Structures are given as C-alpha cells and as structure tokens.
Peer 1: 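Right, I'll just put the structure down here and ask away after.
Just so you know, these numbers use all the heavy atoms, side chains as well, and skip hydrogens, waters and symmetry mates. Quick caveat, the model's predicted, so the values are computed rather than measured. Proteins come first, then strands; the chains are lettered A, B, ... in the order of their sequence lines, and each starts at number 1.
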Amino acid sequence: MSRARQLKHKRVIEIEPTAPFNFDTTFHKPDHFPTSDNAWEPGVRWQTMLWQGKCLGLKFENRGTIAQPCVRLSIWSKQKLNRALVDGLITEITFRYNLQLDLAEFNRRFRADPQLGPIIRKWRGMRTFSAGSLYEYLIIAIMLQNCTVRRSVNMMQALYEKYGAVLKFDARTFYCMWSPEEIDRATEQELRGLKVGYRAKSIQRVTAAFVVNGIDEIELRGKSREEQRNTLLELYGIGPQSVGYILFDVFHHWDAMDHISPWEQIIYSKLFFSRNAEKPVSADRLMRLFAKRFSGYRMLAVHYIWEDLFWKRQHAKIEWLEKLIRL
DNA sequence: CATCAGGGCCCTG
DNA sequence: CAGGGCCCTGAT
C-alpha cells in the first residue's frame, strides 16, 4: 500500500455555474457505488483527482442558491500549483460536472410531462458528472460487469489499496487514482490476486490502450458520438452496456441510449409501466416509449427519473428496488 | 455443505 | 446471432 501523502498547499476558488443549479443532486449520485476516493454530505463534496500527474484533494462547497449558484472549490496539493495548471483544472472540472450546461430547453420541453415535469421542478438544475477521467471510468465500468454492487466495491477498494495513493487533506483521508503507466506492468496473476477474476485481462488491455496506443480523451471529445462509440467498443472488455454509460456520463450525449440491460429493463418496466419484475416490458417497447416521449434527451430524461428514485431510497427503503440492486 | 446467478463481454459454432 | 464460459461472492 502506498504511503499517505499530506497535502499542505491549499487554494480556494469560486465558480459560478449557470442557473438554475442544484448542488447536491449534481455533486452526489446515490446510485453510484461508493468508492474511497470521495465523500459527500449535504452542501459538501470531497474527492481526490489525478490531474497532470499530480494527486489533488478537492472540496466543493455550496455557497449559493439554485437561482444564484456559487461553488467554492478548495484545492489541496503537495506542492504549490502554478496558474496555468489551476486554470486548466477549473476548465476540466467545469466540463466534468457540466457547470456551464444550459438546461433551458430541456426544462421547457418536459415541464408538462406528467412524470418528468414534477421531478424537474423538484431537482431543478441537476447535472450529471463523471468525476474522473475516461480511463478511470473505464476501470469502474469493468468493475461493474457481471457482479453485485458489494463485489464491485471490494474489487475497486483492492485496486486502490494496491495501486492508488493515499491522500490526506482537510482532516480526511482518501485514495487517489493511479495513472495507466503505474498499473501497466502488473501481471494478470498479480491482478487476479485482488480477486477481480477474469476482469484482470480487461484491466490490462484497457490500460495498454492508454499507455501504448495513447488514447487521447480530450481529442475524443471532439469526435462524433458514433466515432466515440466505435473507439470505445474496440477496447477489450468494453461492450455496449459500458459504452452506453460512458457516452452519457463522460461525453455528455444526453440522447445516448442504444442499449437497455436486463436489470435496467426491470427497473424501467416498474417506473414507466408499473410492471413487476416477473413481467417486465420488452427492451424494444421501452425504447419506443423513450423515443416518443424524450427524443433528443432520452438518457437525461431517464436519468432525472432514475435519480429521483435513488434519492427516495436514501430516506426510505423501496422493497421492489432492494431486491434488484442487491447491495 | 452445494448450487446458483449476478449492474457483461468475448469467443465459438 | 445464440449460448457457453468466465471469477468470486452472498443468497438460498
């Protein structure tokens, strides 16, 4: 395990997201499986970030309102950061958290939808985010495959303990992501020792794609959705389900919905057709419904409804859902 | 104790 | 294009 690094240098910046802006539903997603690189409580999110080869500690605090948003960002680092690096970091964070997103059209188009309208009003200004890089998201996507949430948590933790850095800042301790180069020389057996099973090979091959082939995330952002999709599908261990998440969360395609997996199909059947798990609606029929109701914003619309469900679950157990997600 | 399927994907036939 | 195999783990 890596030695803990105390991050002593701190600087504070204020960011003004576009209004309306909902801090908590943007900076915390209760459906994400918990990882030890971040924490949240109302009005505050902590996380680590590997940026330009530096391990950083970040703290976001809500200093505004929905109509007049303001986010105070504290950045901890081992050494003092230069201006250019900080500027680049702010740009990147603004992108990853969609802080400049204009939701006006989305809000206007769906405010009359009987199901989505009330949720838009409740969570006005909610965005999506991908806190880490494309590489980090790919690793998480691999950890999600074919296992329960608890196992995903255990595997990710084992990887952090072996390859991540331990950062201390703001009187807290978190793990920070490794770079592809740091894990590139790990053997399949070494990875299997962390009980990731056959996913070891996917980790190796995806990592190699960044180290050897030099996948450039920033460049990929400029490509079309189809080009992005094809590039991602070429990666070993990355299929349509993982790509679907990435096109939405990492590349911000609000209409990206090419694939509905079985467990999502069951949840959608309940949410949109009041069907129980024994008699789910076909994926095709769900697709037709979304195309008709939410065209142009299919995934974002579903995300709002989905997140609303998982926020409710924070306060009260939802019996039918508990059975499906199996923590 | 044994058995099984899980928040996919690859590979084979 | 359908279906078996893959790792490990918790549920039964």
Side-chain angles (χ1 to χ4, degrees), chain A residues 29-35 128-132 134-162 186-209 228-250 256-272 275-278 280-284 286-287 290 299 302-303 305-311 313-314 317-327:
Chain A
K29 300 292 178 185
D31 60 319
H32 288 190
F33 77 82
T35 50
T128 69
F129 75 81
S130 153
L134 170 62
Y135 173 72
E136 297 183 49
Y137 201 111
L138 285 162
I139 296 296
I140 289 171
I142 293 165
M143 293 308 108
L144 281 170
Q145 292 166 9
N146 207 28
C147 59
T148 53
V149 173
R150 183 185 302 261
R151 183 157 184 224
S152 300
V153 170
N154 292 344
M155 290 190 295
M156 199 63 206
Q157 182 62 24
L159 287 169
Y160 271 132
E161 288 176 10
K162 181 109 181 168
T187 62
E188 182 171 347
Q189 279 316 309
E190 184 179 320
L191 290 165
R192 278 176 178 265
L194 305 176
K195 301 179 176 180
V196 299
Y198 61 86
R199 297 169 195 81
K201 200 161 140 193
S202 306
I203 295 172
Q204 283 186 310
R205 306 255 308 246
V206 165
T207 299
Q228 291 164 348
R229 182 178 155 78
N230 293 335
T231 300
L232 295 168
L233 283 174
E234 282 172 16
L235 296 171
Y236 182 92
I238 299 300
Q241 178 66 15
S242 302
V243 169
Y245 290 153
I246 292 172
L247 289 178
F248 180 67
D249 284 328
V250 178
M257 189 185 279
D258 300 309
H259 185 255
I260 296 174
S261 67
W263 77 286
E264 291 167 333
Q265 181 193 351
I266 291 172
I267 294 181
Y268 294 162
S269 295
K270 181 76 179 179
L271 288 174
F272 296 99
R275 291 282 195 89
N276 59 29
E278 286 70 42
V281 173
S282 76
D284 278 352
L286 289 164
M287 282 291 200
F290 297 149
M299 199 60 224
V302 170
H303 177 77
I305 294 167
W306 182 278
E307 289 301 314
D308 183 55
L309 176 67
F310 278 84
W311 275 100
R313 183 176 169 270
Q314 300 245 113
K317 292 299 160 204
I318 302 169
E319 239 3 272
W320 66 268
L321 187 59
E322 301 308 314
K323 281 183 203 147
L324 282 170
I325 52 183
R326 296 186 43 197
L327 290 170

Peer 1: Starting at atom CZ of A:Phe33, determine the distance to atom C1' of B:dG7, rounded to an integer number of angstrom.
Peer 2: 10 Å
Peer 1: Flag the pair A:Tyr137 / A:Tyr245 as yes when their ring centroid distance falls below 6.0 Å, and as no otherwise.
Peer 2: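 Judged by ring-centre distance (under 6.0 Å), A:Tyr137 and A:Tyr245 do not meet the cut-off.
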Peer 1: Both atom distances under 3.5 Å, Watson-Crick or G-U wobble: I'd like the secondary structure of DNA chain B as a dot-bracket string, with | for pairs made across strands.
Peer 2: .|||||.||||||
Peer 1: Quick check: on DNA chain B, is the nucleotide nearest A:Arg205 upstream (toward 5') of the one nearest A:Asn146, or the reverse? Name the residue that is more 5'.
Peer 2: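 Its nucleotide being nearer the 5' end, the pick is A:Asn146.
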Peer 1: Ignoring hydrogens, what is the shortest heavy-atom contact between A:Glu307 and A:Lys29? Give both atom names and the distance.
Peer 2: OE1-CD, 3.5 Å
Peer 1: Could you pull out the closest heavy-atom pair between A:Ile238 and A:Val206, with the gap in Å?
Peer 2: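 That would be CG1-CG2, 4.1 Å.
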Peer 1: Base, sugar-phosphate alone, or nothing: which one does A:Leu235 contact when heavy atoms must sit under 4.0 Å apart?
Peer 2: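 Here A:Leu235 touches the backbone only, sparing every base.
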Peer 1: Mind calculating the distance between CZ (A:Arg151) and P (C:dC6) to the nearest angstrom?
Peer 2: 14 Å
Peer 1: Please work out if A:Ser242 contacts a base, only the sugar-phosphate, or nothing of the nucleic acid, heavy-atom cut-off 4.0 Å.
Peer 2: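 Sugar-phosphate contact only.
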Peer 1: Which whole-number value in Å describes the distance from A:Arg150 CZ to C:dC8 C1'?
Peer 2: 13 Å
Peer 1: Send over the distance from A:Met155 CE to C:dC7 P, rounded to a whole Å.
Peer 2: 13 Å
Peer 1: Return the set of residues passing salt bridge (charged side-chain N to carboxylate O under 4.0 Å, His left out) with A:Arg192 (not counting sequence neighbours), or none when no residue passes.
Peer 2: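 By the salt bridge (charged side-chain N to carboxylate O under 4.0 Å, His left out) rule, A:Arg192 matches A:Glu188.
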Peer 1: Looking at the side chain of A:Gln145, which of B:dC9, B:dG7, C:dT9 is the nearest nucleotide?
Peer 2: B:dC9
Peer 1: Given side chains that start at C-beta, do those of A:Arg313 and A:Asp31 come closer than 4.5 Å, heavy atoms only?
Peer 2: no
Peer 1: Taking the side chain of A:Lys195 as heavy atoms from C-beta outward, which of B:dC11, C:dC7, C:dC8 is closest to it?
Peer 2: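 Looking only at heavy atoms from C-beta outward on A:Lys195, the closest nucleotide is C:dC8.
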Peer 1: If the plane angle is over 60° it's perpendicular, under 30° parallel, otherwise tilted; pick one for A:Phe290 and A:Tyr268.
Peer 2: perpendicular
Peer 1: Give a yes/no answer on whether the side chain of A:Arg192 brings an N or O atom under 4.0 Å of OP1 or OP2 in C:dC7.
Peer 2: yes
Peer 1: Expressed in angstrom and rounded to an integer, what is the separation of A:Ile142 atom CD1 from C:dC8 atom C1'?
Peer 2: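 Computing the A:Ile142:CD1 to C:dC8:C1' distance gives 17 Å.
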Peer 1: Rounding to an integer number of Å, can you tell me how far A:Gln241 CD sits from B:dG8 P?
Peer 2: 6 Å
Peer 1: What are the two closest heavy atoms between A:Gln204 and A:Thr187, and how far apart are they?
Peer 2: NE2-C, 3.5 Å
Peer 1: Can you tell me the distance, in whole Å, between the CD1 atom of A:Ile246 and the C1' atom of B:dC9?
Peer 2: 13 Å
Peer 1: Which part of the nucleic acid does A:Ile238 contact within heavy-atom distance under 4.0 Å: base, sugar-phosphate only, or nothing?
Peer 2: sugar-phosphate
Peer 1: A:Tyr245 OH to B:dG8 P: how many Å, rounded?
Peer 2: 7 Å
Peer 1: What are the two closest non-hydrogen atoms of A:Leu235 and A:Ala209, and how far apart are they?
Peer 2: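 Scanning both residues, the minimum pair turns out to be CD2-CB, 3.5 Å.
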Peer 1: With respect to the side chain of A:Asn154, which nucleotide from B:dG7, C:dG10, C:dC8 is positioned closest?
Peer 2: C:dG10
Peer 1: From B:dC10, B:dC9, B:dG8, pick the nucleotide closest to the side chain of A:Tyr236?
Peer 2: B:dC10
Peer 1: For atom P, what is the distance between B:dC1 and C:dC7, given to the nearest Å?
Peer 2: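 The answer is 25 Å between these two P atoms.
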Peer 1: Could you measure between the two P atoms, the one in B:dG7 and the one in C:dA2, and give it in whole Å?
Peer 2: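 Rounded to whole Å, the distance is 23 Å.
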Peer 1: State which of B:dG8, B:dG6, C:dC8 makes the closest approach to the side chain of A:Trp263.
Peer 2: B:dG8
Peer 1: Would you state whether a donor and an acceptor, one from the side chain of A:Arg199 and one from the base of C:dC7, lie under 3.5 Å apart?
Peer 2: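 Yes.
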Peer 1: For A:Gly237 and A:Asp31, find the nucleotide of DNA chain B closest to each by heavy atoms; which residue's nucleotide sits nearer the 5' end?
Peer 2: A:Asp31
